[in-house]
Amino acid sequence: QVQLLESGGGLEQAWGSLRLSCASSGRTFSRYAMCWFRQAPGMEREIVAAISWSGAGTYSADSVKGRFTITTDNAKNTVFLQMNSLKPEDTAVYYCAAKAITYYSGTSYYYTRSSEYDYWGQGTQVTVSS
């Protein structure tokens, strides 16, 4: 059973930066596509960023494009979300998720729908004050 543990959340002022980390353990496949979702109070969970198993393909939601960057360190089984120029509307619980890659779909394919992911972390709170 894959376990995901997020860290790095907290309280930050607008225009500040935070770096989220998601460490995975118990991996039974060699390849996992990863992503970050977030959910604000009263809102649906939404995709923030996604990355292919190799790291070659990435996706960022329009709301964070140019401000957030997703990267992966496969040697450490960890995915990161660098968040710059934070805005109050970025306030949410951020979740890391993993999808086991059981067939070859290229090195750049990423997934953006929550239903496509097999494993989820507990979430880390990010609060941005104005």
Side-chain angles (χ1 to χ4, degrees):
Q1 182 74 6
V2 175
Q3 294 184 329
L4 303 175
L5 181 63
E6 302 100 334
S7 61
L11 175 64
E12 183 58 71
Q13 293 185 334
W15 298 106
S17 297
L18 285 172
R19 188 191 195 206
L20 304 184
S21 299
C22 174
S24 61
S25 60
R27 295 164 64 116
T28 55
F29 291 93
S30 60
R31 299 172 178 172
Y32 290 82
M34 306 291 292
C35 74
W36 289 94
F37 278 77
R38 68 185 180 186
Q39 188 166 20
M43 304 292 286
E44 292 188 356
R45 190 172 296 191
E46 63 174 359
I47 181 79
V48 176
I51 191 165
S52 65
W53 67 266
S54 70
T58 61
Y59 166 87
S60 296
D62 287 343
S63 58
V64 304
K65 197 165 293 184
R67 300 188 298 121
F68 292 10
T69 303
I70 186 171
T71 56
T72 185
D73 184 339
N74 285 331
K76 297 182 179 179
N77 294 334
T78 302
V79 64
F80 304 96
L81 185 68
Q82 179 65 44
M83 305 188 295
N84 299 328
S85 302
L86 284 163
K87 302 176 180 180
E89 50 262 46
D90 294 321
T91 295
V93 177
Y94 283 70
Y95 298 91
C96 163
K99 174 181 174 59
I101 304 302
T102 57
Y103 60 90
Y104 186 71
S105 57
T107 60
S108 301
Y109 198 82
Y110 50 77
Y111 302 83
T112 60
R113 294 180 294 180
S114 60
S115 59
E116 295 176 304
Y117 285 88
D118 305 305
Y119 307 100
W120 291 83
Q122 293 297 310
T124 185
Q125 176 70 46
V126 171
T127 302
V128 183
S129 62
S130 56

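Only heavy atoms go into these numbers, but all of them, side chains included; no hydrogens, no water, no symmetry mates. Residue numbers run from 1 in the order of the sequence given.
The salt bridge (Lys or Arg N to Asp or Glu O under 4.0 Å) test with Arg38 is passed by exactly one of Glu6, Glu89, Glu46: Glu46.
Taken to the nearest 0.5 Å, the OG1 atom of Thr78 stands 13.0 Å off from the CG atom of Leu20. The OG1 atom of Thr71 lies 11.0 Å from the CE atom of Met34; values are rounded to the nearest 0.5 Å. Note that the CG atom of Leu11 and the CD atom of Gln13 stand 8.0 Å from one another [nearest 0.5 Å].
Summarising the local packing, OH of Tyr109 is surrounded by 12 or fewer heavy atoms from other residues, nucleotides or ligands at distances under 6.0 Å. Crowding of Glu116 atom CD: a count of heavy atoms from other residues, nucleotides or ligands under 6.0 Å exceeding 12.
Scanning all heavy atoms of the two residues, the minimum distance from Cys22 to Leu4 falls at SG-CB, 3.9 Å. Tyr117 approaches Ala98 most closely through the heavy-atom pair CD2-C, 3.5 Å. Closest of all the heavy-atom pairs between Ser108 and Ala56 is OG-CB, 3.8 Å. Heavy atoms only, all atoms of each residue included: Ala92 and Gln39 are closest at CB-O, 3.4 Å. For the residue pair Val2 and Ser24, the shortest heavy atom distance occurs at CG1-CB, 4.5 Å. The two residues Ile70 and Tyr59 make their nearest non-hydrogen contact at CG2-O, 4.4 Å.
Using a 4.0 Å cut-off between charged nitrogen and carboxylate oxygen, Asp62 and Lys65 count as a salt-bridge pair.
Residues Glu44 and Ser114 have side chains not in contact (no heavy-atom distance under 4.5 Å, counting atoms from C-beta outward). With contacts defined as side-chain heavy-atom distances shorter than 4.5 Å, the pair Thr91/Gln125 qualifies. Side-chain contact between Leu81 and Val48 is present, with at least one heavy-atom pair separated by less than 4.5 Å. The closest side-chain heavy-atom distance from Val79 to Trp36 is below 4.5 Å. Two residues are said to be in side-chain contact when any heavy atoms from C-beta on lie closer than 4.5 Å; Met83 and Val126 meet this criterion. Counting heavy atoms from C-beta outward, Asp90 and Glu12 have side chains that stay 4.5 Å or more apart.
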Inset, instruction - Verify side chain to side chain contact (heavy atoms under 4.5 Å, CB included) between Tyr32 and Asn77, making sure each step is shown before the conclusion. - result: CA-CA 9 Å; Tyr32 290 82; Asn77 294 334; over 6 Å; no
Legend entry - Stepwise side chain to side chain contact (heavy atoms under 4.5 Å, CB included) check, Thr107 with Trp53: CA-CA 7 Å; Thr107 60; Trp53 67 266; 3.9 Å; yes
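With hydrophobic clusters built from ILVMFWY side chains whose heavy atoms lie under 4.5 angstrom apart, Leu86 does not share a cluster with Phe80.
With 2.5 angstrom as the limit on SG-SG distance, Cys96 and Cys35 do not come in below it.
Taking the six-membered ring where tryptophan is involved, the planes of Phe68 and Tyr94 are tilted, since the angle between them lies from 30° to 60°.
Between the side chain of Arg31 and the backbone N or O of Ile101, no donor-acceptor pair lies under 3.5 Å.
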